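Notes to accompany the following structure.
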2 protein chains.
Amino acid sequence: MSNKQIKIRDVAMAAGVSESTVSRVLSGNKRISEKTRQKVMKIVDEMGYRPNAIATSLARNRSNSIGIVIPDSDNEFYSTTFFQEALRGISTVVSDNGYDVLISSGRPDEVTALKELVARCKVDGVILMRSHIKDQSIRFLHESKFPFVLIGTSVEYDDVYSVDNDNFGAAFELTKHILGQNRRNIAFIGGGSNFVYTMERLRGYEKCIESNGAELRKEYVRLDIDTVRKAYEAMSELLQLKRRPDAVIITDDTVCAGIMDSIRQNKLNIPDDIAVASFNDSLYNRLSIPPITSISVNSIELGRKAAETICRILSGDSVDIKNIRVDFRLLARDSTILNRLP
Amino acid sequence: MSNKQIKIRDVAMAAGVSESTVSRVLSGNKRISEKTRQKVMKIVDEMGYRPNAIATSLARNRSNSIGIVIPDSDNEFYSTTFFQEALRGISTVVSDNGYDVLISSGRPDEVTALKELVARCKVDGVILMRSHIKDQSIRFLHESKFPFVLIGTSVEYDDVYSVDNDNFGAAFELTKHILGQNRRNIAFIGGGSNFVYTMERLRGYEKCIESNGAELRKEYVRLDIDTVRKAYEAMSELLQLKRRPDAVIITDDTVCAGIMDSIRQNKLNIPDDIAVASFNDSLYNRLSIPPITSISVNSIELGRKAAETICRILSGDSVDIKNIRVDFRLLARDSTILNRLP
DNA sequence: CTGAAAGCGCTTACAG
DNA sequence: CTGAAAGCGCTTACAG
């Protein structure tokens, strides 16, 4: 491996052409004679020349990077595989389109970090990995008209490119599945109420309860349950109710353990005494005893679609759908299904 | 938000100084009069000027990015939180040092991806997230003398900067803990034998068995068990042995479920009939029933240390220790502990 | 302490 | 189809 960075000038001299010509060959410019093209390519290959990406970026005025902000630590995000799966989906697609992924630790806070990325021309576009009800990041990107795609849903703007599951529909279907197992007293334990998906799932649950003539009981709904401890407590309280729930839906699978603990502590059986259903289909859901019914959200696909969209936007291609839906799957497991034959 | 990118020239004009001066003020150059400094900073703040990172990079001949290659899909890596935790540690530290993290999907393969990062001057340094026994990536970076830090251990070179757990020691201690629980027939189920840590853990296990006068039985050791299915099969076979193991150590916690399944299928009790111990302390280990004894590897810290090291290297600071050890913790839980009082 | 000029390694109108 | 020149937005010897 030669130590010296080899430059376009070296290639030009070796090939006996101008730097412009080399540049044109490499960028696939059409009005170059086949002969010159071949000659140049030969030298390029021989010398192993690769254009300096930074110089290219400066000249072309585009970074060829897509920015992502790492979510805050300690929130539920990080114990889930959502982030890394989505990141994989993004990274693969984006790289096939000639972009890199630039990760910014969201310091000192997400909006500041985003402003820095934009102001310093570090990225051509941004993928936002989650949406709050009031979302400063969305607001900033939207107002500055900077290209971005949201994995999630914006409640403030309807002209934002986004990729999301149908959280309403998923919760609806999940609730329906449980009602179908002859449960009427279904509790709902939700994560942060500042997340759009939490509230969407709540809506789906409520709508389904209502439209099936079951009773919607306020005391069955608990929000902002975002730690295992809080989940344990919330569940314990639910189990004290005179009208004890016979099923529980958990929005945030990372706190499932608290739920399970509480149920066990109360010596109740799953699913006989109480059915349990969750979202995200984490390893924990799958491997739990009994396995927990869950909604699989297909994080990789969410990432892929978001990446495809931002790439299309940046290349000026038309994007047919502003709000892409990625299909979820309801995985019915023993935690909700009665009377399984052994 | 003004649409036009504001440049150093604009600041210079507004402040009535030269571009050089503005540049010097911003880069903290000392030989600038306090007065000019203040004047310039005032304008900078007013205009909200932020230097174009790409132009700076080109002029300074450094990208201010640290490269990371996303591990291949489908391998055990991705179901673990190791990657995302390490990434968080890296990202935080690196950003405090003025660098960004550039993620490369390892396409078409990791070495090619690395070569691209290096050849195109996209990153100043690289953090490698794992180490194989024969590792082309390490070899490439080492031979090209490109700055990098390894999370793991190099078996080929001893002059590589690396950050790792003491995998030998951890396995030794874990094995000792189990021997201390009056088990003599300890099986070992390891992940990919091409990973350094797998083999280090195997060594620690073997050494401990031997030095405690227990019998080292070849049929107790299974390697390359990297899927839940393989784990299930391997465990089932182990349980068929005439001399059935009374304990099992699993190198790769993501396949634990297969082990547990097999044990359950065989109607054996944990820990009475067989003790189970694992590594990585995943959520699954923690929340399993019974909870599984595990080695916590502190992924965030691995990431942090690796980041600190690469930053020191790049800034020319001395790095005292070439091979940094991050402490592990043995978390003894019910899966290995007999006769717990209820 | 400060400025004019050259340079970082590319790209791309412009002209031919 | 090809080249010379200007430019992308900074930094940094060099000179004063």
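Here the structure is a predicted model, which is why all the values come from computation and not from measurement. Proteins come first, then strands; the chains are lettered A, B, ... in the order of their sequence lines, and each starts at number 1.
- Residue B:R60 is classed as a sugar-phosphate contact, given heavy-atom separations below 4.0 Å to backbone atoms only.
- Between B:T56 and D:dC10, a side-chain N or O to OP1/OP2 separation shorter than 4.0 Å is absent.
- Not one side-chain nitrogen or oxygen of B:Y49 sits closer than 4.0 Å to the OP1 or OP2 atom of D:dG9.
- A side-chain donor-acceptor contact under 3.5 Å links B:S63 and B:D124.
- Between the side chains of B:S162 and B:N323, at least one donor N or O lies within less than 3.5 Å of an accepting N or O.
- Rounded to an integer number of Å, the gap from B:K39 NZ to C:dG3 P is 8 Å.
- With rounding to whole Å, A:I32 atom CD1 is found 13 Å from C:dT12 atom P.
- Computed from coordinates, the B:L58 CG to C:dG7 C1' distance equals 9 Å when rounded to whole Å.
- One can place CZ of A:R31 at 11 Å from C1' of C:dA15, the figure rounded to the nearest angstrom.
- The cationic atom of B:K7 (NZ for Lys, CZ for Arg) does not lie both less than 6.0 Å from the six-membered ring centre of B:Y49 and within 45° of the ring axis.
- When heavy atoms are screened at a 4.0 angstrom cut-off, B:T21 is found touching the sugar-phosphate backbone but no base atom.
- With rounding to whole Å, A:I54 atom CD1 is found 13 Å from D:dG9 atom C1'.
- Heavy-atom nearest nucleotides on DNA chain D were determined for A:A59 and for A:E34, and the one closer to the 5' end corresponds to A:E34.
- Taking atom C1' in both C:dG16 and C:dT12, the straight-line distance is 16 Å, to the nearest Å.
- Taking atom CG on A:N61 and atom P on D:dG7, their separation rounds to 15 Å, with Å as the unit.
- When the C1' atom of D:dG9 is taken as reference, atom CD of B:E19 falls 8 Å away, rounded to whole Å.
- Taking 3.5 Å as the limit, the base of D:dT12 and the side chain of B:S20 contain a donor-acceptor pair of atoms between them.
- Side-chain atoms of A:T21 and A:S18 include a donor-acceptor pair closer than 3.5 Å.
- Of the nucleotides present, D:dT2 is the one that pairs with C:dA15 by Watson-Crick or G-U wobble criteria, both distances under 3.5 Å.
- Residue contacts for B:T36: at a heavy-atom cut-off of 4.0 Å it reaches the sugar-phosphate backbone alone, with no base atom in range.
- Among C:dG9, D:dG9, D:dC1, the nucleotide with an atom closest to any side-chain atom of A:S33 is D:dC1.
- Regarding A:R24, its CZ atom lies at a distance of 13 Å from the P atom of C:dC14, rounded to whole Å.
- Counting heavy atoms from C-beta on, the side chains of B:S33 and B:T36 come closer than 4.5 Å.
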